[in-house]
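Report on one structure; see the data block that follows.
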Amino acid sequence: MTTIAPSKPTQLPPSTHPYAEVIHRLEAGGSMLPDTPENLMQIIGLYKAYAVPMDFYWRDLLYIAEQVFLEPLPAFKYFLPQEYLDLLNHYAGDEADLRIWRGYGTAHHELLAFMERGELKTKLPKIFHHLYHDRINMEFAEECMRAMFWHRNMGGELEPYMDSEEYRQNADRAIRAYFRNNPVMLGLYKLFPEVFLEQCRQSTMTSVLGLFWEVMAPVFFEMSDIYDEGGFKGVPDAMDFLVNGIFAIAGRPIYHRVNIGGEWIDIVPKSKGFTWLYEAAFPYVEAVFYRTSPFRGTKSYNAQAHEIPSDQNEFHYGILYADKFPVGSAGIPPTLLHQDMYHFLPQYLIDYYKQHCRGEDDMLIQLAVSFQRSMYNVTSAVIQAGRAAFYYPLDDPNPKHLLANRHYFEGQLNRFCNPKYGMDKTARLAMIQDQNYR
């Protein structure tokens, strides 16, 4: 396990970066989020609240990628069958390949209870809960997938593979098998092969995100258990746990297979050796935390309007920048996720919000602020993992190496300082340094 040890006093002069205090904290092995008991309580409470709907997200994403696949009218894709509720997580339970959470491998009991009775606290047929929108919001999960799919070419080997002849042949086999009893769809496939191939690529990305969250759900559950036991001394401890988790599971396989008539067809075989860190984790953070896209109706996509960057690399509409008011007005609508997390808040966080909220109607906004804090801690873990993987130890005695680390940290934080399109203001990195930001 990799441990981030606090560095010795550096031989470098103080940083002149606008976020010099944060830079120095990162150089000392800390997080972008200040180390306070209140911050630790907020981020762990949000990880727990996120883990429960995430347990549904990953199961349903794999169901969509493996079973629904190219269904033209997937009206019931959010109606998760028992087979996938019972599907054992590879990182939790006694049967786990690599056990992270000490809990069980099947769907979480809080999730099952909510699926049965919902906000209405009444057992009704699934269709009524669904139509009333009394359910887990899979639209959020699918929007994350589409962000990863749209912001392609962010490193790794899976992206070029999806454009390869081998992938096309695997996809062709799966498409023909899936529509073998549907001459109309086979005829359309013959006329518009690229349309079907692009949908297959989207299904592959759905599998990638499902496999990513299959790991993260037990990580967050375990962090909640450790906190309940008094195991985390501060925010850096929580960040270190994430960094250690990233390295422990970095090489886990990323793949895509489809079940057609009881036969499994590999579109992205495990034998290709694609790994969790490079094909799922890094692209997820880049696409979902930073980039995504402006929420429809709030920005003009007209090139002459100049309301969004012309370069996708400069997009800054991810969850780190998202509006905290429950209107879904920046990037991926976080309102959907916040509504999901609202049902699974631990009691200590509910009590905290009651103390600081302007009433229960304000709780979603406070939850959103805590979520931003928690995601900055996750981002800090990714930044520290990137530094450990590509740069130097924090206590390296060579000043040149320490300077390289500093340039890396400053480069990462520059993304929250850019005044173009209001990026510096929406990031709120300065605000989360203040405990009174609520």
Side-chain angles (χ1 to χ4, degrees), residues 45-46 48-65 67-69 71-87 106-147 206 209-210 213 217 220 288 292 295-298 319 322-347 349-350 353-354 357-371:
L46 263 295
K48 165 60 184 351
Y50 195 178
V52 181
M54 190 185 290
D55 197 36
F56 185 90
Y57 294 159
W58 78 262
R59 294 173 187 278
D60 200 41
L61 287 169
L62 288 188
Y63 170 63
I64 293 171
Q67 306 281 355
V68 178
F69 191 41
E71 172 62 42
L73 297 173
F76 298 101
K77 62 181 177 178
Y78 301 153
F79 288 66
L80 197 57
Q82 192 64 40
E83 172 190 358
Y84 277 80
L85 291 172
D86 294 336
L87 186 64
T106 55
H108 195 270
H109 68 277
E110 291 183 47
L111 171 62
L112 296 175
F114 178 78
M115 289 176 64
E116 183 178 14
R117 302 179 66 84
E119 286 183 348
L120 298 174
K121 307 298 182 185
T122 303
K123 188 174 181 179
L124 296 171
K126 283 185 180 180
I127 189 66
F128 292 112
H129 283 292
H130 184 87
L131 293 175
Y132 189 68
H133 217 73
D134 186 18
R135 56 183 172 84
I136 300 296
N137 291 289
M138 274 302 294
E139 292 88 343
F140 167 79
E142 288 192 307
E143 194 65 24
C144 289
M145 175 275 295
R146 281 189 285 268
T206 301
L209 182 55
W213 273 334
F220 286 164
V288 176
T292 71
F295 189 62
R296 304 301 188 269
T298 63
I319 57 177
D323 195 334
K324 296 297 151 275
F325 289 92
V327 293
S329 64
I332 289 175
T335 306
L336 296 174
L337 172 60
H338 299 158
Q339 185 64 36
D340 287 342
M341 292 191 293
Y342 178 80
H343 307 302
F344 308 109
L345 292 170
Q347 188 59 47
L349 206 50
I350 293 175
Y353 290 149
K354 285 181 178 178
C357 284
R358 295 180 291 270
E360 285 199 22
D361 290 341
D362 185 47
M363 193 174 291
L364 272 177
I365 297 175
Q366 298 306 320
L367 186 159
V369 173
S370 296
F371 180 68

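Two residues are said to be in side-chain contact when any heavy atoms from C-beta on lie closer than 4.5 Å; Arg135 and His130 meet this criterion. Within the 4.5 Å cutoff, no side-chain heavy atoms of Lys77 are placed close to those of Met138. With a 4.5 Å cut-off on side-chain heavy atoms, Leu349 and Lys48 do not count as touching. Here the side chains of Trp58 and Leu61 are not in contact, with every heavy-atom distance at 4.5 Å or above. Pro53 has its side chain out of reach of Phe140: every pair of non-hydrogen atoms, C-beta onward, lies at least 4.5 Å apart. Between Leu87 and Tyr63, every side-chain heavy-atom pair lies at or beyond the 4.5 Å cut-off. Side-chain contact between Trp213 and Tyr50 is present, with at least one heavy-atom pair separated by less than 4.5 Å. Taking the side chain as every heavy atom from C-beta outward, Cys144 and Leu209 approach each other to under 4.5 Å.
Side-chain atoms of Tyr342 and Glu119 include no donor-acceptor pair closer than 3.5 Å.
Across every non-hydrogen atom of His129 and Glu116, the tightest pair is NE2-O, 3.6 Å. For the pair Ala51 and Ala217, the tightest heavy-atom approach, listed with the atom from each and the gap, is CB-O, 3.8 Å. Residues Pro346 and Gly45 share a closest heavy-atom pair of CD-O, 3.5 Å. The heavy-atom pair separating Leu336 from Asn137 by the smallest distance is O-ND2, 3.4 Å.
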* To do: Test side-chain contact (heavy atoms from CB on, under 4.5 Å) on Phe79 and Ile127 and set out the steps.
  => CA-CA 9 Å; Phe79 288 66; Ile127 189 66; 4.0 Å; yes
* To do: Mind running side-chain contact (heavy atoms from CB on, under 4.5 Å) on Tyr78 and Glu139 for me, showing each step along the way?
  => CA-CA 9 Å; Tyr78 301 153; Glu139 292 88 343; 4.0 Å; yes
* To do: Any chance you could lay out the side-chain contact (heavy atoms from CB on, under 4.5 Å) test for Glu142 and Ile64, step after step, and finish with the verdict?
  => CA-CA 10 Å; Glu142 288 192 307; Ile64 293 171; 3.9 Å; yes
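Between atom OH of residue Tyr132 and atom CG of residue Leu124 there is a gap of 11.0 Å, rounded to the nearest 0.5 Å. One distance of note links CG of Leu345 with CD1 of Ile350; it measures 5.5 Å at 0.5 Å rounding. To the nearest 0.5 Å, the span separating CZ on Arg59 from OH on Tyr84 amounts to 11.0 Å. In this structure, Phe220 CZ and Met54 CE are separated by 5.0 Å, a value rounded to the nearest 0.5 Å. One distance of note links CG of Asp55 with CG of Asp60; it measures 11.5 Å at 0.5 Å rounding. A distance of 14.0 Å separates CE in Met115 from CD in Glu110, rounded to the nearest 0.5 Å.
Not a single donor-acceptor pair under 3.5 Å links the side chain of Asp340 to the backbone N or O of Ile136. Without hydrogens or angle criteria, His343 side chain to Gly118 main chain gives no donor-acceptor distance under 3.5 Å.
Every residue was checked against the side chain to side chain donor-acceptor pair (under 3.5 Å) condition with Thr206, not counting sequence neighbours, and none meets it. By the side chain to side chain donor-acceptor pair (under 3.5 Å) test, Asp362 is found to be paired with Arg358, Gln366, residues two or more places apart in sequence or in another chain being considered.
Checked against the 6.0 Å centroid threshold, Phe114 and Phe344 count as a close aromatic pair.
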